[in-house]
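Scroll down for the structure; my scribbles are underneath it.
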There are 2 protein chains.
Amino acid sequence: MRLAGLKIGVFLNYVDKSMIEAKDPITASDRVLIALRKAIVEGGIAAGTKISEPELAKQFDISRAPLREALARLERCHLIERTPNAGARVVKLTVAGLKSLYELRETLEGMAARLAATQMTEQEIQDVRQLLDHHLSTQRVREGESYYQEAGDVDFHYRLILGSKNPYLINLLCDELYHLVRMYRVQLGMNGPRVSRAFDEHKAILNAIAARDGELAELLMRRHIAASGRNIEQHLQQGTLHD
Amino acid sequence: MRLAGLKIGVFLNYVDKSMIEAKDPITASDRVLIALRKAIVEGGIAAGTKISEPELAKQFDISRAPLREALARLERCHLIERTPNAGARVVKLTVAGLKSLYELRETLEGMAARLAATQMTEQEIQDVRQLLDHHLSTQRVREGESYYQEAGDVDFHYRLILGSKNPYLINLLCDELYHLVRMYRVQLGMNGPRVSRAFDEHKAILNAIAARDGELAELLMRRHIAASGRNIEQHLQQGTLHD
DNA sequence: TCTCAATAAATTGTCGACATAATACTTTTG
DNA sequence: CAAAAGTATTATGTCGACAATTTATTGAGA
């Protein structure tokens, strides 16, 4: 399964084995990457913590070689920051960082929605519609079930991004930016009342795509992302995490 | 020198020592990264070539450890593609890849111009204006001098990107996408007649920014990028590089 | 007591070698 | 002769150890 020059293996980074069949012989580097990423995103390793290579290597019972490769990939996702000859630290969650991140995400997912309106096949659109209906009926979205909160929202955005058919954009959103976005959401306990409203917004976006109206799809997606960003920003400002 | 959470060391990837003072104690990995990147971008290592780790390590007289780190960073720039347990290959230049790349670049640099219109200081705008005037008078742009072709165009875009003040966007355009863009331009011998016209477009974009008109700046920048992309696409289609 | 220099400890960057998986080649079989 | 299976070779992934640099600690001097 290929996609215009980018192998599907790229999406191994996206969501754990559930959505994409995991590649069987996961290398040791991949294993610690997934474990470390989960720990960082979910706060198991606190934001701002210094990363100790010898300590982590011993903890995962591997050499420093595959660990360093995993760290390189974490840096690529902006989850850690490395300084030459000094070491790595887990990123801090800041208001300025969140704004910059969502500013970029708004543009990129808006672009994805616009492209999806012209690039998605009727079948793909139909599948997403079925996905939304399924979430609505089965998961009791309007009551704020956690399933939709997590996987449902992810799945919807995921399909539209893939629908753009632009491999660079896909790689960017699914691999390099998604985990940091999720880190903000998870560590700030995003279970807000926005869930049900987000569902309606998803439907509106899909309708625009089905109508092949790229401009409208982009506009609605940008608003959708912006609203989500403001929602997180509120939690971040009134939380304990300052600057 | 910091910039809202991203160290300036990031820009070491951008253009060799000329524009940003190079960090004195370059690590061995950095050295081979710069050398390899130059070789790939300029065609010294042909597109599509299989990368042999032992061979390159011997060639640069280093171990495989720093070489592999350099390769990881090259993959980050989309200059090579790695498959687990198989190896790495230099990317191929394709029409589809070029379109996807410029589709993304159009969006991102448009965003940069829009943000620059509100984020750049009057001093920074003045500096860019001075830069353009200097290029016009000294380098005889209108006759198609190669200096403007290379460094001048780079420098203009570079300053606007920095002017966006968005560290993620800056990192993306300057580190991850720029070298691949340059690879297309260099390997297709872009010395076209677009040079003088590009200069006028630069002036128009800067005027919009100076007027703090973000929407116009974005629109003009998008057209500017799109025209450049079409220009390269023509060379690519009629060249020897098919598919 | 505070500041600065010198030393000591720890960490990162690099090296050479081994284990495992992929590729190329040879041999066997239909 | 073609195709498939088995073997041989090469390359990638991983390991433990050394060198160079940074950070922490100690000591000296004002």
Side-chain angles (χ1 to χ4, degrees), chain A residues 1-2 7-10 12-13 21-37 40 45-46 48-76 79-91, chain B residues 1-2 7-10 12-13 21-37 40 45-46 48-76 79-91:
Chain A
M1 176 176 181
R2 292 178 59 86
K7 294 172 299 305
I8 194 61
V10 177
L12 174 139
N13 289 335
E21 68 271 26
K23 306 182 66 173
D24 307 310
I26 294 182
T27 181
S29 175
D30 291 334
R31 190 169 54 82
V32 303
L33 168 67
I34 294 175
L36 270 179
R37 193 175 53 199
I40 292 175
I45 304 176
T49 306
K50 172 79 158 52
I51 297 280
S52 169
E53 289 186 8
E55 181 185 335
L56 277 182
K58 189 177 62 180
Q59 188 172 329
F60 284 100
D61 198 45
I62 57 171
S63 174
R64 277 178 51 217
L67 176 67
R68 281 171 67 86
E69 181 148 340
L71 291 182
R73 290 203 250 173
L74 287 176
E75 184 185 23
R76 182 171 169 173
L79 291 181
I80 67 175
E81 290 174 349
R82 305 180 92 176
T83 56
N85 285 324
R89 307 191 79 91
V90 178
V91 296
Chain B
M1 177 175 179
R2 292 178 60 85
K7 294 173 299 303
I8 193 62
V10 177
L12 174 139
N13 289 337
E21 69 271 26
K23 307 180 66 172
D24 306 311
I26 294 182
T27 180
S29 174
D30 291 334
R31 190 170 53 83
V32 302
L33 167 68
I34 295 175
L36 270 179
R37 193 174 54 199
I40 292 175
I45 303 177
T49 306
K50 171 82 159 49
I51 298 280
S52 169
E53 291 186 8
E55 181 184 336
L56 277 183
K58 188 177 62 181
Q59 189 171 330
F60 283 101
D61 198 45
I62 58 171
S63 174
R64 277 178 51 218
L67 176 68
R68 281 172 66 86
E69 180 148 341
L71 292 181
R73 291 204 249 172
L74 287 176
E75 184 185 23
R76 183 172 169 172
L79 291 181
I80 67 174
E81 290 175 349
R82 305 180 91 176
T83 55
N85 284 326
R89 305 191 78 90
V90 178
V91 298

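Remember, it's a predicted structure, so these values are computed and weren't measured experimentally. Letters go in sequence order (proteins before strands), and every chain restarts at 1.
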Could you tell me how far apart K58(B) (NZ) and dT10(D) (P) are, to the nearest whole angstrom?
12 Å
Tell me which of R64(A) and A86(A) sits closer to the 5' end of DNA chain D, going by the nucleotide each one is nearest to.
R64(A)
Regarding the side chain of N85(B), the nearest nucleotide among dT22(D), dT14(C), dA21(C) is dA21(C)
How far does CZ of R73(B) sit from CG of D30(B), to the nearest 0.5 angstrom?
4.5 Å
Under-4.0 Å side-chain N/O to phosphate OP1/OP2 contact, K50(B) with dT12(D):
yes
What's the spacing between R68(B) CZ and I62(B) CD1 if we round to 0.5 Å?
12.5 Å
For R68(B) and dC15(C), give me the distance from atom CZ to atom C1', rounded to whole Å.
14 Å
Mind calculating the distance between CD (E55(A)) and P (dA9(C)) to the nearest angstrom?
20 Å
Whole angstroms only, please: what is the CZ-C1' distance between R31(B) and dT14(C)?
12 Å
Select base, sugar-phosphate, or nothing to describe what A28(A) touches, counting heavy atoms under 4.0 Å on all strands.
sugar-phosphate
E53(B) side chain reached by L71(B) side chain, heavy atoms, under 4.5 Å:
yes
Do I40(A) and R37(A) come within less than 4.5 Å of each other through their side chains, counting heavy atoms only?
no
To the nearest angstrom, the CD-P distance between E69(A) and dG13(C) comes to 15 Å
Regarding the side chain of S63(B), the nearest nucleotide among dC15(C), dC15(D), dG13(C) is dC15(C)
In whole angstroms, how far is the C1' atom of dG13(D) from the CG atom of L33(A)?
15 Å
Between L36(B) and the options L67(B), I51(B), L79(B), I80(B), the side-chain contact (heavy atoms from CB on, under 4.5 Å) test singles out L67(B)
For I62(A) and dA19(C), what is the distance between atoms CD1 and C1' respectively, to the nearest whole Å?
16 Å
Indicate, with a heavy-atom threshold strictly under 4.0 Å, whether L71(B) touches base, sugar-phosphate, or nothing.
nothing
So which nucleotide from dT12(C), dC15(C), dG13(D) ends up closest to the side chain of P66(B)?
dC15(C)
Is there a side-chain polar atom (N or O) of T27(A) under 4.0 Å from OP1 or OP2 of dT14(D)?
yes
With a cut-off of less than 4.0 Å, is there a side-chain N or O of S29(A) near OP1 or OP2 of dG13(D)?
no
When the distance from CZ of R82(B) to P of dA22(C) is rounded to whole Å, what number comes out?
15 Å
